[in-house]
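Step one of this worksheet: look at the structure below.
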Amino acid sequence: QVQLVESGGGLVQAGGSLRLSCAASGDTICISAMGWYRQAPGKERELVASIASGQSTNYADSVKGRFGISRDSAKNMLYLQMSSLKPEDTAVYYCNAPKVGPIVYSGRVYSCAMDNWGKGTLVTVSS
């Protein structure tokens with residue numbers, strides 16, 4: 001199993017910046033692509049940004065040009081740099097590592113059969 005722990009959320013004024021971090025541990029061999037999702041009160045969880053193992057990135061239209069996703073695979077860390085924050089960015093932000101299927105590594109079979117989620121970190125942007 002993979003454990004994901006987010007940090008870096010908090011209260012910030014509109015126009016400000018925050019950097020979220022996600023630390024991965026456990027069966028990190030199961031991690032390929034990673035992403036940040038968010039869920040605002042009364043709304044569905046939505047993809048904010050994703051990054052593939054090869055570093056290609058994808059962003060929701062609402063955050064393009066303001067947010068930057070990056071990863072340090074050697075440290076098993078994922079980051080989300082958020083700038084020019086708006087009140088509508090207020091949400092709980094979740095780190096995600098989607099399931100990748102069975103992997104054989106060093107003679108051991110890893111099922112890697114679960115979508116992995118952190119517990120989230122709250123970002124509140126005041127107007």
Side-chain angles (χ1 to χ4, degrees):
Q1 263 190 326
V2 176
Q3 290 79 45
L4 301 173
V5 179
E6 303 94 339
S7 61
L11 174 64
V12 63
Q13 287 189 333
S17 298
L18 278 177
R19 187 193 195 207
L20 305 184
S21 299
C22 172
S25 61
D27 292 338
T28 56
I29 190 70
C30 292
I31 296 175
S32 180
M34 297 188 76
W36 288 97
Y37 286 72
R38 68 185 181 187
Q39 187 166 18
K43 295 188 177 181
E44 293 187 352
R45 191 172 297 189
E46 63 175 357
L47 176 67
V48 176
S50 63
I51 184 167
S53 57
Q55 303 291 331
S56 63
T57 58
N58 180 56
Y59 295 92
D61 288 343
S62 59
V63 306
K64 282 181 181 176
R66 300 189 298 121
F67 290 11
I69 188 171
S70 61
R71 66 191 296 178
D72 185 336
S73 297
K75 296 181 179 179
N76 294 314
M77 294 293 297
L78 179 71
Y79 305 100
L80 185 68
Q81 179 66 48
M82 305 185 294
S83 303
S84 302
L85 283 161
K86 304 175 181 180
E88 51 264 43
D89 294 319
T90 294
V92 178
Y93 284 71
Y94 297 92
C95 178
N96 168 260
K99 60 185 177 182
V100 296
I103 291 177
V104 179
Y105 180 75
S106 294
R108 176 182 168 183
V109 178
Y110 296 80
S111 66
C112 302
M114 294 179 61
D115 284 328
N116 304 284
W117 293 92
K119 293 184 177 181
T121 185
L122 176 63
V123 172
T124 303
V125 184
S126 63
S127 57

Qualifying residues under side-chain hydrogen bond (donor to acceptor under 3.5 Å, both in side chains), relative to Arg66, sequence neighbours excluded = Asp89

Taking C-beta and beyond as the side chain, do [X] and [Y] meet within less than 4.5 Å on heavy atoms?
X      : Y      : value
Ser127 : Pro87  : yes
Val2   : Met114 : no
Val125 : Met82  : no
Gln81  : Phe67  : no
Val123 : Leu18  : yes
Asn96  : Pro98  : yes

ask   = Is the charged tip of Arg71 near the ring of Tyr79: under 6.0 Å from the six-membered ring centre and within 45° of its axis?
value = no

Polar side-chain atom of Glu6 near backbone of Lys119 as donor-acceptor pair, under 3.5 Å = yes

ask   = Does any N or O in the side chain of Asp72 come within less than 3.5 Å of the main-chain N or O of Lys75, such that one atom is a donor and the other an acceptor?
value = yes

task = Begin with the C-alpha distance, continue with both residues' side-chain angles, and end with the deciding distance and a verdict on side chain to side chain contact (heavy atoms under 4.5 Å, CB included) for Cys112 and Lys99.
result = CA-CA 6 Å; Cys112 302; Lys99 60 185 177 182; 5.9 Å; no

Measuring from atom [atom1] of [X] to atom [atom2] of [Y], what distance do you get when rounded to the nearest 0.5 angstrom?
X     : Y      : atom1 : atom2 : value
Gln39 : Leu122 : CD    : CG    : 12.0 Å
Asp27 : Ser111 : CG    : OG    : 8.0 Å
Tyr94 : Tyr37  : OH    : OH    : 13.5 Å

[X] and [Y]: same hydrophobic cluster, using ILVMFWY side-chain contacts below 4.5 Å?
X      : Y     : answer
Val92  : Val12 : no
Leu85  : Leu20 : yes
Val100 : Leu4  : no

Taking only distance into account, with no hydrogens and no angle test, what donor-acceptor pairs under 3.5 Å do side-chain atoms of residues 42-59 form with protein atoms, sequence neighbours excluded?
from  : atom 1 : to    : atom 2 : distance (Å)
Glu46 : OE2    : Arg38 : NE     : 2.7
Glu46 : OE2    : Arg38 : NH2    : 3.3
Tyr59 : OH     : Ile69 : N      : 2.9

inquiry  = Tell me which pairs pass disulfide bond (SG atoms under 2.5 Å apart) where either residue lies in residues 43-111, with sequence neighbours left out.
reply    = Cys22-Cys95

inquiry  = Over 60° means perpendicular and under 30° means parallel, so tell me whether Tyr110 and Tyr105 are parallel, tilted or perpendicular.
reply    = tilted

ask   = How far apart are the closest heavy atoms of Ser70 and Leu78, and which atoms are they?
value = O-CD1, 3.3 Å

task = Please say whether more than 12 non-hydrogen atoms of neighbouring residues, nucleotides or ligands are located less than 6.0 Å from CD in Gln3.
result = yes

query = Around Met77, counting heavy atoms of other residues, nucleotides and ligands shown, do more than 12 lie under 6.0 Å from its CE?
reply = yes

